[in-house]
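Note that this is a predicted model, so its numbers are computed, not measured. Note: hydrogens, waters and symmetry copies are ignored here, and every other heavy atom, side chains too, is used. Throughout, protein chains are lettered first and strands after them, A, B, ... in sequence-line order, and every chain is numbered starting at 1.
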Amino acid sequence: MDRYDPKTIEPRWQKVWADEHTWEVSNEPGDERPKAYVLEMLPYPSGEPHIGHLKVYSVGDAIAHHRRRTGHRVLHPMGYDAFGLPAENHAIRTGQHPRESTEASIAEFRKQFREWGISIDWSREFGTHEPSYYRWTQWIFLRLLEKGLAYRKEAAVKWCPKDATVLANEQVIDGRCERCGTEVEVRQLTQWFFAITEYADALLDDLATIDWPSHVVTMQRNWIGRSEGAEVVFRCEELGTDYPVFTTRPDTLFGATFFVMAPEHPDVLRMNDSPEVRDYVNHALTSQAEDRGAENREKTGVPLGRTVTNPVNGEEIPVFVADYVLMEYGTGAIMAVPAHDERDHAFAVKFGLPIREVIGGGEDVQAQASTADGPMVNSGQFDGIGNREAFGQIVDWLQSEGKGEATVNYRLRDWLVSRQRYWGCPIPIIYCDICGAVPVPEDQLPVELPDVQDYAPKGKSPLAAAEDWVATTCPSCGGAGRRETDTMDTFVDSSWYFLRYCDASNETAPWDRDVLDAWMPVDQYIGGVEHAILHLMYARFFTKALADLDLVGVREPFARLFTQGMVTRDGAKMSKSKGNVVSPGAIVGEHGADTARCYILYVGHPAEGGDWSDDGIEGIHRFLARLWRAAAEAPAGDADNPAGEPTAVLRKAHWAIDKVSRDLGERFATHTSIAAVIELVNEIYKGRDEMSAMPEGVSQLRFAIATAGSLLFPFAPHLGAEVYELMTGRRVWEEPWPVADPALLESDSFELIVQIGGKLRDRIRAPAGASKDELEQLAMGSEKIKAQLEGKEIVKVVVVPGKLVNVVAR
RNA sequence: GCGGGCGUGGCGGAACUGGUCUACGCGCCGGCUUUAGGAGCCGGUGGCCGAAAGGCCUUGGGGGUUCGAGUCCCUCCGCCCGCACCA
């Protein structure tokens with residue numbers, strides 16, 4: 001009883017919250033409080049939680065508690081993104097079923113979350129690998145299929161040879177597999193896709209309707225990569241074929257002096273299949289991303305000995321194959337305008353091709369491509385018109401001639417969702433020789449994942465080995481059928497989990513529409529920036545598609561997003577190879593959950609990376625111990641009615657209420673919130689003897705201690721609850737968030753800064769609430785000021801009430 | 001290269017609409033307490049000069065706006081993050 005001991009305090013409160021189901025919220029109508037859906041990104045359960053988990057759930061929990069205590073009905077659930085490669089790779093090494101290792105890990109996560117005292121509604125918990133969940137993942141897949149948003153096609157796709165599976169474009173970083181870093185290959189395969197590109201404009205436009213960090217918005221905007229321009233048809237008379245190109249600069253059409261095709265373009269060899277061309281194409285196809293993508297790389301290419309016709313002036317221009325043109329973007333062929341495009345300029349210089357300026361007033365285009373605006377030149381009927389206007393006029397003219405039209409191009413590709421892996425959600429499709437790809441009927445869902453002996457990928461899904469499972473009957477004709485053996489990308493699982501939480505135990509539907517609409521959207525989403533494109537784009541796409549299917553009532557899933565920074569240790573990134581990993585389990589075991597949670601929120605603004613140092617955590621522990629001791633040793637009294645003249649500690653308590661409310665409610669500044677409570681506790685310590693000596697001081701002291709516990713509760717829930725109960729006998733989470741008394745925020749006097757010409761000359765006490773005139777008189781009455789102003793002419797006097805008086809003199 | 005962010009003590013970092021720069025913590029120094037402690041408590045701590053009072057300087061460098069700039073503007077330097085031959 002004489003020492004702060006988290007080992008006894010923390011389990012006691014955890015038991016109260018578990019026994020009373022304190023954090024569960026009902027879906028039944030009748031609760032009139034406004035709703036707040038606070039959600040942290042669900043963890044991927046692998047091994048034990050790491051320090052990043054401690055951080056994200058500490059931040060989210062603080063927000064959830066704050067919302068509850070400001071009168072909201074808070075949904076704060078938890079689940080596990082359980083399918084995925086690491087568990088499967090572990091299975092390949094050890095033979096242990098991925099379900100076993102995953103569920104062991106889930107059990108560990110759950111245990112630690114409870115030990116951390118995170119306020120989760122456990123009644124809504126699930127893992128995405130449970131048939132009762134993925135049944136609905138499959139159900140949604142079939143809805144998308146019906147709507148034409150899921151489809152199967154043969155395409156050149158990215159293949160990771162190490163993981164032996166295809167990858168989505170978003171999972172390829174600099175030509176390498178996002179997971180294992182292996183360079184990806186391109187393969188021609190028939191795969192399942194989701195038509196996310198149909199939502200490209202909506203995904204772009206609706207960014208304006210959500211409150212997200214600007215860098216995430218920018219990343220999504222870049223990824224979607226919308227460009228407005230025109231498709232223009234160049235005809236090759238010799239082959240009798242039209243070649244459309246996409247350009248964002250139709251105003252430069254008259255400056256096109258050659259034409260370039262990507263090496264992958266299917267017509268390259270039709271144009272010219274000489275050994276030289278074949279060599280170039282083969283070389284370009286085999287040399288992969290790393291050198292092809294290299295910046296400012298020397299341009300290479302081969303002339304194809306053919307020409308195409310420029311539709312605006314009938315000019316015949318030569319055709320080249322060159323690897324600076326990408327097959328994936330636009331049409332895989334371009335019109336080259338060396339005067340106004342840097343890349344084309346470099347190519348023209350190297351191959352001695354003409355450079356014709358078509359927009360005047362720019363730089364010397366023979367030396368350098370100009371991108372400046374100006375009047376059109378060398379452009380026939382368009383000469384003299386400003387290029388911006390000419391843009392539209394040329395498009396109109398092309399359209400009327402049937403040689404082109406205005407189009408929009410996107411960088412975004414459809415989402416490839418097939419994976420040739422075991423540990424994922426089976427795709428609910430049956431192939432039949434007669435009926436083709438047939439959806440599994442709804443009443444046969446879920447298509448459960450069968451057990452297999454060997455998880456190792458062999459270029460086809462390990463599921464193919466489960467022959468009893470694969471062989472089935474066609475739901476359409478009753479003949480022999482074979483199940484799809486690919487599984488879905490795990491990002492599909494996490495693209496709708498936030499919807500399932502709303503109605504997690506519904507067995508007849510993924511959710512009830514009324515229940516869903518009552519909770520959605522997520523009001524505050526919290527997670528790492530690493531998902532800025534992948535998860536956050538896919539989840540937005542799902543929400544929009546489901547809205548169009550009339551299954552959800554919102555078009556954006558996450559109204560407000562907060563991205564937290566990475567935790568480093570002593571300035572370095574934590575990694576197993578460096579051996580500098582801090583395990584939350586160890587820290588919590590040593591210092592207690594409250595200390596660990598407060599420290600991680602205290603080391604810096606949560607949006608930025610915090611630096612963990614083992615020395616620093618002692619300071620927080622000391623502070624918590626001081627607060628506990630203050631409560632344990634406080635003289636008896638009444639904490640609710642602080643009577644008498646306000647003492648310094650009472651003012652400090654109100655100041656802390658004001659500060660923490662603002663920081664936690666609006667600025668997410670948990671570190672300065674905790675600093676404010678530390679200051680309050682220091683104030684309590686400083687004056688506790690004299691205050692306890694006077695009767696009204698006791699109640700003010702106890703009020704201040706209770707306030708500290710109350711304000712600390714979102715960050716250190718166990719100690720906050722303990723201290724508050726010691727002072728008031730009540731449960732802090734059932735109490736409203738305290739409101740600062742404005743009258744006590746300011747003291748009755750303050751230190752007035754008196755400056756002459758912006759330089760500090762004197763400090764004097766001034767009464768709070770004094771008028772500008774009174775402050776000015778007071779300042780001018782100061783002996784020091786009088787002395788220094790002697791013989792000078794006062795030009796003007798600036799008065800900032802509550803702060804300073806500045807005299808400008810000459 | 002393009003877009004965005006940042007630069008404050010020995011360290012992590014505060015500073016709301018321009019108004020006492022360095023809150024809070026770590027570290028360090030001094031003291032108290034303890035059988036002892038790497039435990040606890042109290043005090044001090046931006047730099048330079050000074051016994052002190054006090055003075056001068058200080059938010060990456062330079063310039064500007066202002067009575068007043070960490071904060072706003074220009075410029076240079078440095079770091080971080082995204083995008084990167086996207087036509």
* Base, backbone or nothing for each nucleotide of nucleotides 8-23 of chain B, written B, S, -, heavy atoms under 4.0 angstrom, 5' to 3'? -> ----BSSSB--BB--B

* Candidates B:rG3, B:rA87, B:rC83 - which lies nearest the side chain of A:Thr218 -> B:rG3

* To do: Would you kindly give the CE-to-P distance between A:Met566 and B:rC81, to the nearest whole Å?
  => 9 Å

* To do: Verify, without hydrogens or angle tests, whether A:Thr248 (side chain) and A:Gly229 (backbone) share a donor-acceptor contact under 3.5 angstrom.
  => no

* **Identity of whatever pairs with B:rU59 - Watson-Crick or G-U, under 3.5 angstrom** => none

* Asked: Base, sugar-phosphate, or nothing for A:Arg626, non-hydrogen atoms under 4.0 angstrom?
  -> sugar-phosphate

* Check step by step if side-chain contact (heavy atoms from CB on, under 4.5 Å) holds for A:Tyr538 and A:Ile196. => CA-CA 8 Å; A:Tyr538 296 147; A:Ile196 190 170; 4.2 Å; yes

* Distance between the P atoms of B:rC74 and B:rG5, in whole angstroms? -> 12 Å

* Could you check which nucleotide pairs with B:rG40 in any of the strands shown, counting Watson-Crick or G-U wobble with both distances under 3.5 Å? => B:rC32

* Should the ring pair A:His605 and A:Phe562 be called parallel, tilted or perpendicular, given that the plane angle runs from 0 to 90° and is split at 30 and 60? -> tilted

* Interatomic distance at P, B:rA69 relative to B:rG4, whole Å -> 28 Å

* Whole-Å gap separating C1' (B:rG25) and CG (A:Leu624) -> 12 Å

* Taking only Lys NZ, Arg NE, NH1 and NH2, and the carboxylate oxygens of Asp or Glu, determine whether A:Glu328 and A:Arg411 approach each other closer than 4.0 Å. => no

* **Intermediate values then yes/no, side chain to side chain donor-acceptor pair (under 3.5 Å), A:Thr595 and A:His621** => CA-CA 6 Å; A:Thr595 300; A:His621 193 81; 3.0 Å; yes

* To do: Specify the separation, in whole Å, of atom CD of A:Gln220 and atom C1' of B:rC83.
  => 14 Å

* Strand partner of B:rU71, provided both Watson-Crick or wobble distances fall under 3.5 Å -> none

* Asked: Can any side-chain N or O of A:Tyr410 pair as donor or acceptor with the backbone N or O of A:Trp223 at less than 3.5 Å?
  -> no

* Asked: Rounded to the Å, how far apart are A:Met537 CE and B:rC83 C1'?
  -> 13 Å

* Asked: What interatomic distance, in whole Å, is found between C1' of B:rC85 and the corresponding atom of B:rC73?
  -> 36 Å

* **Cation-pi, A:Phe347 ring and A:Lys299 (6.0 angstrom, 45 degrees)** => no

* Using whole Å, report how far CD1 of A:Ile620 lies from C1' of B:rC24. => 8 Å

* Please state how far atom OH in A:Tyr685 lies from atom P in B:rC24, giving the value in whole angstrom units. => 17 Å

* Between B:rU45 and B:rU22, how far is it from one P atom to the other, in whole Å? -> 11 Å

* Would you say a side-chain N or O of A:Ser227 is under 4.0 Å from OP1 or OP2 of B:rA87? -> yes

* How far, in whole Å, is B:rC80 from B:rG25 if one measures between their P atoms? -> 32 Å

* Asked: Should we say atom CD of A:Glu690 is surrounded by more than 12 heavy atoms from elsewhere, each under 6.0 Å from it?
  -> no

* **For B:rU45, the Watson-Crick or wobble partner whose two distances fall under 3.5 Å** => B:rG27

* Find the distance A:Phe347:CZ to B:rC85:P and express it as a whole number of Å. => 17 Å

* In the structure shown, which nucleotide is the Watson-Crick or G-U wobble counterpart of B:rU20, with both distances under 3.5 Å? -> none

* **Intermediate values then yes/no, side-chain contact (heavy atoms from CB on, under 4.5 Å), A:Leu253 and A:Met335** => CA-CA 8 Å; A:Leu253 250 171; A:Met335 65 169 199; 3.4 Å; yes

* Answer syn or anti for B:rG9, where the cut-off is 90° from 0 on the glycosidic torsion. => syn

* Which of these nucleotides, B:rG3, B:rC41, B:rG43, is closest to any side-chain atom of A:Arg629? -> B:rC41

* Tell which nucleotide pairs with B:rG82, taking only Watson-Crick or G-U wobble pairs whose two distances are both under 3.5 angstrom. => B:rC2

* To do: Determine, stepwise, if the pair A:Val529 / A:His215 fulfils side-chain contact (heavy atoms from CB on, under 4.5 Å).
  => CA-CA 9 Å; A:Val529 235; A:His215 66 282; 3.3 Å; yes

* Atom OH of A:Tyr329 to atom P of B:rC85: distance rounded to whole Å? -> 12 Å

* For B:rG9, which nucleotide is its Watson-Crick or G-U wobble mate, given both distances must be under 3.5 Å? -> none

* To do: Take A:Asp344 and A:Met219, find for each the nucleotide of RNA chain B with the closest heavy atom, and name the residue whose nucleotide sits nearer the 5' end.
  => A:Met219

* Of the nucleotides B:rC83, B:rA87, B:rC85, which has the atom closest to the A:Asn222 side chain? -> B:rC83

* Asked: Roughly how far apart, to the nearest Å, are B:rU59 and B:rU8 at atom C1'?
  -> 4 Å

* Asked: For A:Asn682, which contact category applies under a 4.0 Å heavy-atom criterion: base, sugar-phosphate, or nothing?
  -> sugar-phosphate

* How is A:Ile678 classified with respect to the nucleic acid when contacts are heavy atoms under 4.0 Å: base, sugar-phosphate, or nothing? -> sugar-phosphate

* Pick the C1' atom in B:rU71 and in B:rC16, then give their distance to the nearest Å. => 12 Å

* Same-atom distance (P) from B:rG19 to B:rG7, integer angstrom -> 16 Å

